[in-house]
K.L.:
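I'd like to ask some things about the structure below.
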Amino acid sequence: MKRFFAIVLFMLAMTVTSTYRPVYAQQDDEAVRNRTRDRLAQLLEKAGPTINVAFSQSQKQPYNYVGSLKTGLVNAESFEIVISVTPKETLGFRIYPHYNKSYVNVDNAKDRASLMRLLLRLSDRAFLYWGADEAGDVFTGYTFTLESGFPEEAIKIVLRSIVNSDKFVGEMRPFIDGSAGAVK
C-alpha cells in the first residue's frame, strides 16, 4: 500500500510540475526577449546616427525597430529598415528599398521573372540576402542567432552595409520599370 501511495504521489507531483514548467519557461523566454530588445534599442541609439538613421520602436509591434536611410543613395529613394527581436532568440533584419515612391514589388515589375532571377543571384553574391515577402515586396535581409550572445559589432557591420545595397537596386531597375540604374 505504501508503494502504491508513493507512486500516485510521484505521478501527481510530475503532473503539477509539468503543468507549471511551461509557464515559467515562457516567462524566462519573454524576459530574455525583453533584455535583447533593450540592448538593441541602446545599440541603435548609438549606431543609428553614424549611418544617418533615426530608429524608433514600432507602434504596432513592440519587438520591432524601424528607421529610414535616405542619404548616400542614387538608385533607391530610401531604405526602410525593420529589425525584429524574435521569440526564437534571433534578430531579423528586413530592409525594403523604396523606388518611384513605393516598395519594389515583384507583381508590379515590368519583367517579373528576370527580377526574381536577379534576386536569387544577388543572394549568392551579396553580403545581405535578397527575397520577397508574402505581399511580393522585395527586401534585403540578414538574420542573427543569439546563441553565442549579443553580436554588437556584427550588427554595426550590417547597419553600415545597408547603403551598399543601393547599387543592386540599380541592377533591378531595368526589370522594375525599364530604366537604367545609376552608377555611384
K.L.:
Taking a hydrophobic cluster as the set of Ile, Leu, Val, Met, Phe, Trp and Tyr residues connected by side-chain heavy atoms closer than 4.5 Å, whether directly or through intermediates, do Ile95 and Tyr142 fall within one such cluster?
P.N.:
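Shared cluster, yes.
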K.L.:
Grab the two heavy atoms, one from Asn105 and one from Ala135, that are nearest each other, plus how far apart they are.
P.N.:
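Looks like ND2-O, 3.0 Å.
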K.L.:
How long is the span from the CG atom in Leu43 to the CZ atom in Phe150, to the nearest 0.5 Å?
P.N.:
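Taking CG in Leu43 and CZ in Phe150, the distance rounds to 5.0 Å.
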K.L.:
Check whether any side-chain heavy atom of Ile51 sits under 4.5 Å from a side-chain heavy atom of Val163, and report yes or no.
P.N.:
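With C-beta onward as the side chain, the pair stays apart.
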K.L.:
Do Val82 and Phe139 have side chains that approach each other closer than 4.5 Å (heavy atoms only, starting at C-beta)?
P.N.:
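Sidechains of Phe139 and Val82: no contact.
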K.L.:
Can you confirm whether Ile155 sits close enough to Glu152 that some side-chain heavy atom of one is under 4.5 Å from a side-chain heavy atom of the other?
P.N.:
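Side-chain contact under 4.5 Å: no.
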K.L.:
Could Arg33 and Glu30 be called an ion pair, given the rule that one side-chain N must be under 4.0 Å from one carboxylate O?
P.N.:
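Salt bridge flag = no for Glu30 with Arg33.
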K.L.:
Consider only side-chain heavy atoms of I, L, V, M, F, W and Y, link residues closer than 4.5 Å, and tell whether Phe93 and Leu44 are in one cluster.
P.N.:
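Yes.
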K.L.:
Taking all heavy atoms of Arg173 and all of Ser179, pick out the closest pair and write down the distance.
P.N.:
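The pair with the smallest heavy-atom distance is NE-OG, 3.1 Å.
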K.L.:
Between Arg94 and Thr143, is any pair of side-chain heavy atoms under 4.5 Å apart?
P.N.:
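Yes, their side chains come closer than 4.5 Å.
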K.L.:
What are the two closest non-hydrogen atoms of Ser114 and Asp111, and how far apart are they?
P.N.:
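For Ser114 and Asp111, the tightest heavy-atom pair comes out as OG-OD2, 2.7 Å.
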K.L.:
So do the side chains of Phe79 and His98 get within less than 4.5 Å of each other, counting heavy atoms only?
P.N.:
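Sidechains of His98 and Phe79: no contact.
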K.L.:
Which distance, rounded to the nearest 0.5 Å, do you find between the CZ of Phe144 and the OG1 of Thr36?
P.N.:
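If I round to the nearest 0.5 Å, the distance is 13.0 Å.
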K.L.:
Does the ring center of Phe55 lie less than 6.0 Å from the ring center of Tyr65?
P.N.:
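No: the rings miss the under 6.0 Å criterion.
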K.L.:
I'd like to know if the side chain of Glu77 reaches the main chain of Asn100, judged simply by a donor and an acceptor atom lying under 3.5 Å from each other, with no hydrogens or angles considered.
P.N.:
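Yes: the side chain of Glu77 pairs with the backbone of Asn100.
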K.L.:
Please answer whether the main-chain N or O of Tyr129 pairs with a side-chain N or O of Thr140 as donor and acceptor at a distance below 3.5 Å.
P.N.:
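A pair under 3.5 Å: yes.
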K.L.:
Is Val169 reachable from Val158 through a run of I, L, V, M, F, W or Y residues, each pair having side-chain heavy atoms under 4.5 Å apart?
P.N.:
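Yes; Val169 is reachable from Val158 via cluster members.
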K.L.:
Any idea which heavy atoms bring Ile83 and Ile81 closest together, and the distance?
P.N.:
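Closest pair (atom of Ile83, atom of Ile81, distance): CG1-CG2, 4.0 Å.
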K.L.:
Rounded at 0.5 Å granularity, tell me how far NZ in Lys110 sits from CD1 in Ile176.
P.N.:
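Result: 12.0 Å between the selected atoms.
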K.L.:
Please give me the minimum heavy-atom distance between Leu73 and Ser78, naming the atom from each residue.
P.N.:
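It is CD1-CA, 3.6 Å.
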K.L.:
Let me confirm one number: the CG-CG distance from Leu91 to Leu146, rounded to the nearest 0.5 Å.
P.N.:
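It comes to 4.5 Å.
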K.L.:
Just say parallel, tilted or perpendicular for the rings of Tyr103 and Tyr96, cut-offs at 30° and 60°.
P.N.:
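Rings of Tyr103 and Tyr96: perpendicular, as their planes differ by over 60°.
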K.L.:
Can you check whether Lys156 reaches Lys46 side chain to side chain, under 4.5 Å on heavy atoms?
P.N.:
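Answer no - side chains too far apart.
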K.L.:
Verify the neighbour count for atom CD of Glu171: are there more than 12 heavy atoms of other residues, nucleotides or ligands below 6.0 Å?
P.N.:
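Yes, enclosed.
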K.L.:
Quick one: pull up NZ in Lys167 and CG in Asn75 and give me the separation to the nearest 0.5 Å.
P.N.:
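These two atoms lie 11.5 Å from each other.
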K.L.:
Short question: side chain of Ser84, backbone of Thr86 - any donor-acceptor pair under 3.5 Å?
P.N.:
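Side chain of Ser84 to backbone of Thr86, a donor-acceptor pair under 3.5 Å: no, none is there.
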K.L.:
Given 3.5 Å as the limit, does a donor-acceptor pair link the side chain of Asn52 with the main chain of Lys70, or not?
P.N.:
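Not confirmed, Asn52 side chain does not pair with Lys70 backbone.
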K.L.:
Enter the distance from Leu120:CG to Leu115:CG here, rounded to the nearest 0.5 Å.
P.N.:
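Atom-to-atom, Leu120:CG and Leu115:CG are 10.0 Å apart.
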K.L.:
Heavy atoms, side chains only, cut-off 4.5 Å: are Asn164 and Phe127 in contact?
P.N.:
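The answer is no, as the side chains (C-beta and beyond) never meet within the 4.5 Å cut-off.
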K.L.:
Report yes if some heavy atom in the side chain of Leu119 is under 4.5 Å from a heavy atom in the side chain of Met172; otherwise report no.
P.N.:
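Heavy-atom side-chain distance check passes, below 4.5 Å.
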K.L.:
Grouping I, L, V, M, F, W and Y whenever their side-chain heavy atoms are under 4.5 Å apart, do Leu69 and Leu40 come out in a common cluster?
P.N.:
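Linked, Leu69 and Leu40 end up in one cluster.
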